[in-house]
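These notes concern the structure reproduced below.
Along the sequence shown, the residues carry numbers beginning at 1.
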Amino acid sequence: MNTQSKDYFSKLLKTSNSSKKQIAVYFDDATIERIDMTIKLFSAISEANSFSRNTLIEEAVNKFLDESEEYLEKEMGLSVREELEEAKQKNNTVILSSVDRGFEETFMGEVELPCWYPCRCSTERIPSLKYIAIYRGAPVSAITHYAKIKEITYSREKKCNVCYFEGGPIKLPHDIALGSKSGCFFRGAKYTSIESLLNATTADDIIFG
């Protein structure tokens with residue numbers, strides 16, 4: 001084993017207790033057996049408080065991504081980070097969802113000046129966002145309006161991020177129905193380009209990124 005590999009595993013053993021978000025992944029039985037045995041052996045010698053499947057898989061993925069980014073940049077002249085930044089700039093529209101009469105009262109301004117909160121979107125995405133749209137739940141079950149973003153800022157009064165508009169809500173050329181997607185699809189923030197939103201007639205037509 002070379003020095004670089006030894007250094008990697010030494011670092012892994014010391015830092016494997018950091019918190020990570022979990023995702024669902026699927027492996028065959030033989031791979032799971034190998035993972036579990038590797039975890040068992042690492043746990044016996046690790047300085048961390050815990051060593052789990054998630055830890056091992058997360059570290060393996062990160063190592064693969066680091067080496068892939070290095071290969072792509074050195075051998076192919078391609079930058080993953082630059083491509084990610086370009087994608088963020090292109091996807092300048094966030095789609096959130098409303099419940100009850102939140103859309104009418106807040107987004108459309110029936111009760112207060114048009115705005116939207118809580119504006120739950122990625123902090124990293126905020127600088128590149130220019131537009132906001134809201135998926136309206138049943139019985140409408142569609143995206144009908146969007147607005148140009150003036151700013152997204154934290155409100156002490158509302159205790160959350162608020163999206164303030166530049167001008168009022170704008171009616172879309174077409175109401176965007178769900179298509180083959182379910183209403184649950186829009187529970188979390190979704191990102192797209194304003195061009196994709198304006199040209200869509202169903203959620204299936206929207207290109208998300």
**Request:** Quick one: pull up CD1 in Ile134 and OG in Ser98 and give me the separation to the nearest 0.5 Å.
**Result:** 6.5 Å
**Prompt:** Do Ser196 and Ile206 come close enough that some side-chain heavy atom pair is under 4.5 Å?
**Reply:** yes
**Prompt:** If you draw a 6.0 Å radius around CZ in Arg187, do more than 12 non-hydrogen atoms from other residues or ligands fall strictly inside?
**Reply:** no
**Prompt:** Do Leu197 and Ile176 touch side chain to side chain, with heavy atoms closer than 4.5 Å?
**Reply:** yes
**Prompt:** Does one hydrophobic cluster hold both Leu113 and Val111, with members joined at side-chain heavy-atom distances below 4.5 Å?
**Reply:** no
**Prompt:** So, the side chain of Thr192 versus the backbone of Ile207: is there a donor-acceptor pair under 3.5 Å, distance only?
**Reply:** yes
Determine all donor-acceptor pairs shorter than 3.5 Å in which one atom belongs to a side chain in residues 146-157; sequence neighbours excluded.
unit_1	atom_1	unit_2	atom_2	d
Ser155	OG	Glu157	N	3.4
Ser155	OG	Lys158	N	3.1

**Asked** With a 4.5 Å limit on heavy-atom distance, are the side chains of Ser128 and Asn91 in contact?
**Response** no
**Nearest-0.5 Å distance that lies between atom CZ in Arg34 and atom CG in Asp36** = 12.0 Å
**Item:** Where Tyr191 and Ser122 come nearest, the two heavy atoms and their spacing
**Value:** OH-N, 2.8 Å
**Asked** Side-chain heavy atoms under 4.5 angstrom apart, residues restricted to Ile, Leu, Val, Met, Phe, Trp, Tyr: same cluster for Val140 and Leu178?
**Response** no
**Prompt:** Considering only heavy atoms from C-beta outward, does the side chain of Leu96 approach that of Phe107 to under 4.5 Å?
**Reply:** no
**Message:** Between Glu59 and Lys63, does any side-chain N to carboxylate O distance fall below 4.0 Å?
**Reply:** no
**Item:** Closest non-hydrogen atom pair between Phe208 and Ile95, with its separation
**Value:** CE2-CD1, 4.1 Å
**Asked** Of all heavy-atom pairs between Ile126 and Cys121, which one has the smallest distance, and what is that distance?
**Response** CG1-SG, 3.9 Å
**Message:** Does Phe27 have more than 12 heavy atoms from other residues, nucleotides or ligands lying within 6.0 Å of its CZ?
**Reply:** yes
**Parallel, tilted or perpendicular: rings of Phe103 and His145 (30°, 60°)** = tilted
**Request:** Please round to the nearest 0.5 Å and tell me the distance separating atom CD1 of Ile132 and atom CD1 of Ile194.
**Result:** 11.5 Å
**Asked** Can you check whether Phe185's main-chain N or O pairs, donor with acceptor, with Tyr135's side chain at less than 3.5 Å?
**Response** no
**Request:** Check Ser193 against Lys90 and note the closest heavy-atom contact, atom names and distance.
**Result:** CB-O, 3.4 Å
**Request:** Measure the spacing between CG of Asn62 and CD of Glu58 and express it to the nearest 0.5 Å.
**Result:** 5.0 Å
**Prompt:** Cluster question for you: counting only ILVMFWY and a side-chain heavy-atom cut-off of under 4.5 Å, with indirect links fine, are Ile32 and Ile57 together?
**Reply:** yes
**Request:** For the pair Asn92 (side chain) and Tyr131 (backbone), establish whether a donor and an acceptor sit closer than 3.5 Å, ignoring hydrogens and angles.
**Result:** no
Return all side-chain donor-acceptor pairs below 3.5 angstrom for residues 160-172, not counting sequence neighbours, or 'none' if the list is empty.
unit_1	atom_1	unit_2	atom_2	d
Lys171	NZ	Asp175	OD1	2.6

**Euclidean distance, Ile143 CD1 relative to His174 NE2, rounded to 0.5 Å** = 13.5 Å
**Request:** Please tell me if the side chains of Thr144 and Arg136 come closer than 4.5 Å, counting only heavy atoms from C-beta onward.
**Result:** yes
**Message:** If hydrophobic clusters are built from ILVMFWY residues whose side chains come within less than 4.5 Å, do Phe64 and Leu56 share one?
**Reply:** yes
**Complete:** Distance col, row Leu78:CG vs Glu69:CD, nearest 0.5 angstrom, shows 11.5 Å
